[in-house]
2 protein chains.
Amino acid sequence: MKAAPSQNAVTGQSLADRLFETLRGEIVEGRIAAGSKVSEPELARRFEASRGSLREALMRLESLGLLERRVNVGARVVDLTERGLLELYDVREALEGMACRLAASQRTDADLAELRRMLEHHEQQEELRAGTAYFQPEGDFDFHFRIVQASGNDLLIDTLCNRLYYRVRMYRYQLGMASPRAQRAFREHSHIIEAIEAGDGDLAELLMRRHIRASRQNIENKLR
Amino acid sequence: MKAAPSQNAVTGQSLADRLFETLRGEIVEGRIAAGSKVSEPELARRFEASRGSLREALMRLESLGLLERRVNVGARVVDLTERGLLELYDVREALEGMACRLAASQRTDADLAELRRMLEHHEQQEELRAGTAYFQPEGDFDFHFRIVQASGNDLLIDTLCNRLYYRVRMYRYQLGMASPRAQRAFREHSHIIEAIEAGDGDLAELLMRRHIRASRQNIENKLR
DNA sequence: CAATTCAGGATTGTCGACAATCCTGTGGCC
DNA sequence: GGCCACAGGATTGTCGACAATCCTGAATTG
């Protein structure tokens with residue numbers, strides 16, 4: 001009989017991994033305020049972990065772009081700026097446009113079925129709250145997430161899903177961008193998937209870029 | 001008089017920073033072979049540093065995509081695959097195309113002067129070795145680097161220059177892609193800069209995407 | 001002889017302590 | 001009153017050691 005295994009062996013991830021995920025959630029949801037300074041000893045006490053493991057988590061958060069660290073000074077949560085948000089939209093437009101193009105040329109039956117199923121699910125939820133101006137952020141998120149997965153490009157998937165999307169969610173949570181574009185966005189999603197089904201990469205990319213650019217324009221107008 | 005300051009204060013970077021940069025160079029240039037396992041104690045002895053500082057460097061290399069780490073197993077240098085190289089091209093096509101579009105709309109006199117100066121410099125070097133099939137990798141690199149800088153989008157700049165380009169250089173060094181596209185690439189560069197000067201974002205993006213796609217096609221043909 | 005078990009060695013994950021550096025506020029000086 | 005120097009406290013960077021985990025290969029068994 002082996003000794004009681006640590007949490008490490010059970011979950012297949014290290015303590016630093018768990019700290020990283022926990023802190024990532026708190027930063028994204030704003031429980032740790034944007035722009036605020038984070039103290040290593042304070043967090044180490046709070047999570048009852050050593051500073052070493054915590055530093056590892058902080059370093060990963062830095063590589064995610066959620067934290068900024070300066071030598072001998074410490075780490076701060078990035079602050080949410082209008083410029084940063086618009087920059088995010090431009091990069092997403094480029095990458096998700098490419099994801100659509102690739103998804104259209106490399107599509108599999110499984111991907112298409114998944115996309116169709118998701119769209120029907122969203123349609124259902126959409127009808128339930130028809131008329132409300134509230135936009136389902138998770139539904140929109142699902143859509144973009146699945147499209148990127150269907151691109152089959154691991155580098156693209158990693159860049160968007162493991163890096164940029166956390167920043168996207170951070171802006172969504174904290175600037176609370178409820179969008180009145182619900183119905184229009186849904187139709188746009190539908191058209192994008194149709195283009196992917198048809199294997200029309202050019203059109204799929206064009207529609208996705210328009211979709212994201214419209215969302216960006218919407219935000220830009222609201223901020224002024 | 002203060003005590004002798006550590007290297008830290010002199011260069012404004014930590015020991016882990018220097019280890020990171022050194023190791024990054026060795027991986028990019030292949031002195032640490034692609035696909036090989038890296039041992040923390042071994043490198044710690046070699047650089048006469050503690051394992052802690054070295055682990056920090058390794059973690060940054062992981063976030064650069066040059067290393068893959070698995071819990072309780074260790075780190076390996078990523079291996080160079082045809083698929084990975086082609087994925088890189090697709091992502092670059094999307095991002096650098098957008099960089100061109102942004103550079104065309106946000107161009108400054110300083111950026112334009114810099115681009116022009118660089119182009120003339122390349123032209124000079126080009127004539128010196130006219131006829132040779134050898135393609136100046138650094139010149140091409142300069143070009144793409146400067147264009148991205150001129151985009152003014154910090155997220156885009158960071159993603160390309162501080163992440164993807166190290167992988168690009170790793171493939172260039174180790175798969176030694178001397179390209180016979182020298183003259184054609186130079187003309188393409190020239191046309192892209194003209195479009196940026198004219199403020200034509202659509203054209204600038206189109207030309208850059210074609211430029212990168214042609215390079216990708218060239219590599220794809222050579223590999224088969 | 002092949003497959004399996006299980007110890008030994010090596011490596012990674014985690015921790016606490018020390019030294020170097022930075023920020024703060026207090027005192028002195030012009 | 002304003003500016004500068006400077007000490008105190010706190011924080012970060014670095015290090016070595018211990019514990020948990022994984023890989024290797026030899027012994028065992030069918």
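Side-chain atoms are counted along with the backbone in the values below, which use heavy atoms only and exclude waters and symmetry mates. Protein chains get the first letters and strands the later ones, always in sequence-line order, with residue 1 at the start of each.
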- Message: Angle between ring planes, B:Phe143 versus B:His189, binned at 30° and 60°: parallel, tilted or perpendicular?
- Response: parallel
- So which nucleotide from C:dC23, D:dC23, D:dT12 ends up closest to the side chain of B:Val73? D:dC23
- Message: Salt bridge check, B:Glu68 against B:Arg76: does any charged N sit closer than 4.0 Å to a carboxylate O?
- Response: no
- Task: In whole angstrom, give the distance that lies between atom CZ of A:Arg76 and atom P of D:dT12.
- Result: 11 Å
- Closest to the A:Ser53 side chain: C:dT14, C:dT11, D:dT12? C:dT14
- Please determine, for the side chain of A:Pro41, which listed nucleotide (D:dT14, D:dC22, D:dT12) has the closest atom? D:dT12
- Task: Return the value, rounded to whole Å, for the distance between atom CG of A:Leu54 and atom C1' of D:dG13.
- Result: 15 Å
- Message: What is the distance, to the nearest angstrom, from the CD atom on B:Gln13 to the C1' atom on C:dA20?
- Response: 16 Å
- Message: Taking the basic N atoms (NZ, or NE/NH1/NH2) and the acidic carboxylate oxygens, is any pair closer than 4.0 Å for B:Arg169 and B:Glu29?
- Response: no
- So, B:Glu197 and B:Arg107, do they make that salt bridge, N to O below 4.0 Å? no
- Task: Could you state the atom-to-atom distance from CZ of A:Arg45 to P of C:dG16 in whole Å?
- Result: 13 Å
- Query: Do we get A:Arg18 above A:Phe20's six-membered ring, with its NZ or CZ under 6.0 Å from the centre and within 45° of the axis?
  - Reply: no
- Item | Rounded interatomic separation in angstrom, taking CZ from B:Arg55 and P from D:dG16 | 16 Å
- Looking at CD of B:Glu87 and CD1 of A:Ile157, how far apart are the two atoms once the value is rounded to the nearest 0.5 Å? 7.5 Å
- Task: In whole angstrom, give the distance that lies between atom CG of A:Asp17 and atom P of C:dG13.
- Result: 9 Å
- First encountered from the 5' end of DNA chain C, between A:Arg70 and A:Glu48: A:Glu48
- Query: Would you say a side-chain N or O of B:Lys37 is under 4.0 Å from OP1 or OP2 of C:dT12?
  - Reply: yes
- Go through residues 58-66 of chain B and report each residue with a non-hydrogen atom lying under 4.0 Å from DNA chain C, sorted by number. none
- Task: Please work out if B:Gly74 contacts a base, only the sugar-phosphate, or nothing of the nucleic acid, heavy-atom cut-off 4.0 Å.
- Result: sugar-phosphate
- Between CD of B:Glu56 and P of C:dG13 the distance, given in whole Å, is 15 Å
- Taking atom types as modelled, is there a side-chain donor on A:Asn218 or A:Ser215 under 3.5 Å from an acceptor on the other? no
- Nucleotide of D:dT14, C:dG13, D:dT11 approaching B:Asn72 most closely (side-chain heavy atoms): C:dG13
- Item | Between P of C:dT12 and CD of B:Glu68, the distance in whole Å | 16 Å
- Presence of B:Ser14 side-chain N/O under 4.0 Å of D:dT12 phosphate oxygens OP1/OP2: no
- Please determine if a side-chain N or O atom of A:Arg51 lies less than 4.0 Å away from the OP1 or OP2 oxygen of C:dG16. no
- Item | Interatomic spacing from OG in B:Ser50 to CG in B:Leu19 - rounded to 0.5 Å | 9.0 Å
- Query: Charged N to carboxylate O under 4.0 angstrom, A:Asp154 versus B:Arg83?
  - Reply: yes
- Task: Measure distances between side-chain N and O atoms of B:Arg69 and base N and O atoms of C:dG13, and say whether any donor-acceptor pair falls under 3.5 Å.
- Result: no
- Message: Using five pairs at each end of the helix from C:dC1-D:dG30 to C:dC30-D:dG1 to define an axis, what is the angle between those two axes, to 10°?
- Response: 20°
- With sequence neighbours left out, write down each residue that passes side-chain hydrogen bond (donor to acceptor under 3.5 Å, both in side chains) with A:Glu26, or none if nothing qualifies. A:Arg46
